[in-house]
Amino acid sequence: TARHNGKILIPSFSVMRTQLILYYLYQLQQANAIPHIPIFLDSPTGIAVTNLFCAFQNEYSIPPTTCNAAFSIATQTPLKKDSKELDHLK
């Protein structure tokens, strides 16, 4: 999919699931198991929770040393216009 400029949509509507998916994608990229491709976090709730997540990193299973790095792999689209622009990405 990445070689052909395809897109993958991963619906993730629950708290913690979004953050774990981002963390696992980060780990896979660090291990060169997947290519470094654009990742977008397109969920207002997901964005809000992700932004709070590192502030309370002691409460979760993601190591504090990798919290910010793991979540920075995704571009956040907090506004409706940002979300709509994703439709036109190539």
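These figures come from a predicted structure and were not determined experimentally.
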Rounded to the nearest 0.5 Å, how far apart are CD of Gln19 and CG of Leu22?
7.0 Å

Selection residues 11-40 - residue pairs positive for disulfide (SG to SG under 2.5 Å), sequence neighbours left out:
none

Any disulfide (SG to SG under 2.5 Å) involving residues 11-65? Give me the pairs, sequence neighbours left out, ordered by first then second residue.
Cys54-Cys67

Residue list, ring pair (Phe, Tyr, Trp, His ring centres under 6.0 Å) with Tyr26, at least two apart or on another chain:
none

Interatomic distance, Ile39 atom CD1 to Phe71 atom CZ [nearest 0.5 angstrom]:
12.0 Å

As an exercise, state the distance from CD1 of Ile21 to CE of Met16, rounded to the nearest 0.5 Å.
11.5 Å

Using a distance-only test with no angle check, is there a side-chain donor-acceptor pair under 3.5 angstrom linking Tyr23 and Gln27?
yes

Residue pairs involving residues 13-44 (criterion disulfide (SG to SG under 2.5 Å); sequence neighbours excluded)
none

Which donor-acceptor pairs under 3.5 Å do the side chains of residues 30-38 make with protein atoms, sequence neighbours left out?
{"unit_1": "His36", "atom_1": "ND1", "unit_2": "Gln29", "atom_2": "OE1", "d": "3.4"}
{"unit_1": "His36", "atom_1": "NE2", "unit_2": "Gln29", "atom_2": "O", "d": "3.4"}

Residues at least two apart in sequence or cross-chain that pass side chain to side chain donor-acceptor pair (under 3.5 Å) with Ser43, listed by chain then number, are none

Could you tabulate the donor-acceptor pairs under 3.5 Å formed by side-chain atoms of residues 74-82, not counting sequence neighbours?
{"unit_1": "Gln76", "atom_1": "NE2", "unit_2": "Asn51", "atom_2": "OD1", "d": "2.9"}
{"unit_1": "Thr77", "atom_1": "OG1", "unit_2": "Leu41", "atom_2": "O", "d": "3.2"}
{"unit_1": "Thr77", "atom_1": "OG1", "unit_2": "Asp42", "atom_2": "OD1", "d": "2.7"}
{"unit_1": "Asp82", "atom_1": "OD2", "unit_2": "Leu79", "atom_2": "N", "d": "3.4"}

